[in-house]
Amino acid sequence: ASKDGAGFGIKTFLEGNGKSMQKVAEFNGEHGLFRGLDPEQKVIKIAELRNERIETTKRIFKLNDIIYHCITRRPGKILVYETAAPLIQLDKITGIKSSANGNTIQFSDPSAEYSFSVSKSTLLKRFYTENVLLEVPVRIIEDPFARIVSLIEEGGLIFAPIKPQPHVFLPLYSF
């Protein structure tokens with residue numbers, strides 16, 4: 001989504017401890033570009049690839065900035081947070097640490113902490129959920145799929161027309 005030159009990426013995850021690592025990029029197709037590199041070179045290559053994706057998205061959609069809207073859940077509440085999606089500052093990467101088996105590399109720059117899973121080619125970023133923009137009380141159904149199935153089977157599930165106002169579609173997952 002975008003508005004007034006700002007792009008919005010939506011991240012959904014459980015609230016947890018308020019500072020969880022969440023996936024921000026996968027590099028399966030680019031695995032050959034960093035496979036044989038040492039941890040420091042690997043981090044630089046991953047940071048370059050991530051920055052290139054952000055810059056490409058900004059250029060294609062004529063955006064000045066990209067912002068994450070994080071949607072988390074607590075018992076009885078859905079919370080919305082906003083955080084920047086900055087470029088990784090290549091010249092200010094610090095704290096490069098590789099796990100004992102070499103499968104995970106942690107690093108940071110002045111704006112964020114990252115973790116790269118070598119085996120999954122996945123970059124994670126730490127999200128802090130401190131500044132709540134919006135808090136919505138909700139009743140969370142314990143087994144939503146069973147409820148949907150029962151509504152369909154009972155013939156009571158009705159799909160209402162969409163009203164002409166701004167809206168967002170979020171996918172439902174099913175068995």
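- S115 and T104 make their closest contact through OG-CG2, 3.2 Å (heavy atoms, listed as atom of the first residue, atom of the second, distance).
- In terms of the side chain to side chain donor-acceptor pair (under 3.5 Å) criterion, residue partners of R59 (sequence neighbours excluded) are, by chain and number, T56.
- Listed by chain and number, the residues in a side-chain contact (heavy atoms from CB on, under 4.5 Å) with P86 are A84, S111 (sequence neighbours excluded).
- Clustering ILVMFWY residues whenever any of their side-chain heavy atoms sit less than 4.5 angstrom apart, transitively, puts L33 in the very cluster that holds V118.
- Listed by chain and residue number, F127 satisfy the ring pair (Phe, Tyr, Trp, His ring centres under 6.0 Å) test with F13 (two or more places apart in sequence, or in another chain).
- Within 6.0 Å of the CG atom in N101, the count of heavy atoms belonging to other residues, nucleotides or ligands exceeds 12.
- Shortest non-hydrogen contact noted between L123 and I88 is CD2-CD1, 4.2 Å.
- Residues A47 and L90 share a closest heavy-atom pair of CB-CD2, 3.3 Å.
- Under the 4.5 Å side-chain heavy-atom criterion for grouping Ile, Leu, Val, Met, Phe, Trp and Tyr, Y81 is not connected to I10 through any hydrophobic cluster.
- Partners of K97 under the salt bridge (charged side-chain N to carboxylate O under 4.0 Å, His left out) rule, at least two apart in sequence or in another chain, do not exist in this structure.
- The number of heavy-atom neighbours closer than 6.0 Å to CD of E40, taken from other residues, nucleotides and ligands shown, is 12 or below.
- For E26, the salt bridge (charged side-chain N to carboxylate O under 4.0 Å, His left out) partners are K23, not counting sequence neighbours.
- Note that CZ of F27 is 4.5 Å distant from CZ of R53, once rounded to the nearest 0.5 Å.
- Evaluation of the side-chain hydrogen bond (donor to acceptor under 3.5 Å, both in side chains) test over residues 84-94, restricted to residues two or more places apart or in two chains, returns T94-S108.
- Taking every heavy atom of both residues into account, I54 and A85 meet most closely at CD1-O, 3.9 Å.
- Note that CD1 of I46 is 8.0 Å distant from CD of E30, once rounded to the nearest 0.5 Å.
- Remark: I44 CD1 to K42 NZ distance equals 13.5 Å, nearest 0.5 Å.
- E48 meets the salt bridge (charged side-chain N to carboxylate O under 4.0 Å, His left out) test with K45; sequence neighbours excluded.
- Counting only residues at least two apart or in different chains, ring pair (Phe, Tyr, Trp, His ring centres under 6.0 Å) contacts with residues 86-108 comprise F107-Y114.
- Defined by atom type and a distance below 3.5 Å, a donor-acceptor pair is present between the side-chain atoms of Q22 and S20.
- In the hydrophobic cluster analysis, where Ile, Leu, Val, Met, Phe, Trp and Tyr join through side-chain heavy atoms closer than 4.5 angstrom, F34 is grouped together with V24.
- Every residue meeting the side-chain contact (heavy atoms from CB on, under 4.5 Å) condition with E135, not counting sequence neighbours, appears here in chain and number order: K77, L79, V132.
- Within the 4.5 Å cutoff, the side chain of F116 has no heavy atoms near those of the V43 side chain.
- For the atom pair E113 CD and M21 CE, the distance stands at 6.5 Å (nearest 0.5 Å).
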Expected list for residues 60-74: side-chain donor-acceptor pairs under 3.5 angstrom, two or more places apart:
{"residue": "Y68", "atom": "OH", "partner": "R50", "partner atom": "NH2", "Å": "2.4"}
{"residue": "H69", "atom": "NE2", "partner": "E82", "partner atom": "OE1", "Å": "2.8"}
{"residue": "T72", "atom": "OG1", "partner": "E15", "partner atom": "OE1", "Å": "2.4"}
{"residue": "R74", "atom": "NH2", "partner": "E15", "partner atom": "OE2", "Å": "3.4"}

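- Applying the side-chain contact (heavy atoms from CB on, under 4.5 Å) test to D143 and every residue at least two apart in sequence or in another chain returns F145, A146.
- Shown here for A6 and F8, the closest heavy-atom pair between the two residues is O-CE1, 3.5 Å.
- Remark: R35 engages no residue in a salt bridge (charged side-chain N to carboxylate O under 4.0 Å, His left out) (not counting sequence neighbours).
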